[in-house]
Amino acid sequence: MTLALRSGRFGALSDAPATFVLDGALVMDPPSGTADVREIAVVGGRIAEPALAPADAPRIQADGLVVAPGFCDLHAHLREPGGEDAETVAGGSRAAAHGGFTTVCAMPNTDPPIDDPASVTWLLARASDASCRVRVVAAATAGRAGVELPDYAALAAAGAVAVSDDGASIPTGRLASRAMVAVAAAGLPLIEHAEDASLAAGTAMRAGPVATRLGLAGWPASAEAVVVERDIALAAETGARVHFTHLSTSGSVEAVRRGKAAGLPITCDVTPHHLALTDAWVAGDRRFSWETGDDDDVARPLEDGLAYDGRCRVNPPLPSREDALALLGALADGTVDAIATDHAPHPPQRKAVPFEEASPGMIGLETALSVGLAAVDAGRLSLRRLIEALSISPARVIGEERSLVAGRPADLVVFDPASRWTVDPRRLAGGSHNTPLLGRELPGLVRLTVAAGRVTWDDGLLA
Ligand code: DOR
């Protein structure tokens, strides 16, 4: 397959294994603790000692570039089946490769939901020729209806790597407890979207001064906290592995911090938009969380044409500046294990509507690295921690490993941390462009992505 995007080219998992040598790049391999400027070779799809590369292998001078383990997204919406007007497995996987992701976990809130072994098998077959590995997260309750549990062992046998009712929590403690006993027996993690539906009902954005000023009903932090606290208590009782996705409040990460300190098998992720964007974006502000002071927000006039932008509606809603900075701190100190995109494509007609009516969600696969690098440039995160949180740590949640040591299948991303690009629909590979980052200049260009030994994105580096 040879689909092109501007200067680059996409490949697929069915392509021939790659062979090349890169020289002069900073090779960062968090599992081995190494970060050296050195040669790295890929021969027949595996990492190899550079001296063993064939004499005719393409050699690329890669000064200034960074080589890291391939990124793994624990949370993306590929929208098949039923939502092909927003995204497809093929398009979403190209967006992933373009953003440096080699593995994407597809969420099951599709139409119909992925809740039985046959639909898991169907989705895996659909993705066999994709531009990244697609892992399937199956529904935690039948039909995502929050009443009955599917057969988790059968879902695992069909290839599901986790279960989740993403878009909603498991509604009651009793059902969550039963689900945890069952996931523990099946050896799967439960990925929980923590949100008490009764507290969140009717809300459109984060509760606080900005919501009040905008006249929008506010989502209270307690909506997330009560489910996180409930599930931590249930994880302690059942021994289940629980992964909290897209956490968005300081209270939730504090609860996870305490649970981890008590030795519970819990993990969590945050999205790039909950780290960098704030509820002030709904009022039209376009500064990242670390670019603002405590004085602003409430007194600032609404930005004409930018306030009430449906592209800023996400679930959970964009956090206050204090919460965003707390999430960044928790990512930096390792309380937050991973960055997950919650890549949520929606067509324009579901976004260009009054704010409260907009479908929640924004795309993120192609901007995650860049937003993370902006936080690195601002001194909020180390490059090593960013790479870990995009690659090793999320892969571990679904029982996978990443490493750049010789002998391993090549699974890597090569990016230029210094180059800047402007987010523009013509530079996005996915099926939808719903992000308020359009028009924003960001650091970080992905030059090459190699998934399972195959080149899935090449921005002219090898060609
Ligand atoms: O913003 C979101 N969009 N949050 C979710 O939990 C679901 C997702 C979607 O499917 O669009």
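When a residue number appears, it is its place in the shown sequence, counting from 1. Counting starts at 1 for both ligands and their atoms, in listed order.
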K.L.:
Please determine whether salt bridge (charged side-chain N to carboxylate O under 4.0 Å, His left out) holds for the pair E400 and R135, giving the CA-CA distance in whole Å, both sets of side-chain angles, and the decisive distance to 0.1 Å.
P.N.:
CA-CA 11 Å; E400 298 185 0; R135 303 298 191 218; 2.6 Å; yes
K.L.:
Is a side-chain donor or acceptor of D337 paired with a backbone partner of C268 at a separation under 3.5 angstrom?
P.N.:
yes
K.L.:
If you round to the nearest 0.5 Å, how far is OG of S164 from CG of N109?
P.N.:
8.0 Å
K.L.:
Who's touching ligand 1 if we go heavy atoms under 4.0 Å?
P.N.:
H77, R79, N109, D166, G167, H193, H246, V314, N315, D342, A344, H346, P360, G361
K.L.:
Just by distance, with hydrogens left out, do S252 and T249 show a side-chain donor and acceptor under 3.5 Å apart?
P.N.:
yes
K.L.:
Dump the intermediate steps for salt bridge (charged side-chain N to carboxylate O under 4.0 Å, His left out) on R133 and D411, then the final yes or no.
P.N.:
CA-CA 11 Å; R133 279 180 304 251; D411 205 87; 2.7 Å; yes
K.L.:
Mind checking side chain to side chain contact (heavy atoms under 4.5 Å, CB included) for R396 and listing every partner two or more places apart, or none if nothing turns up?
P.N.:
I392
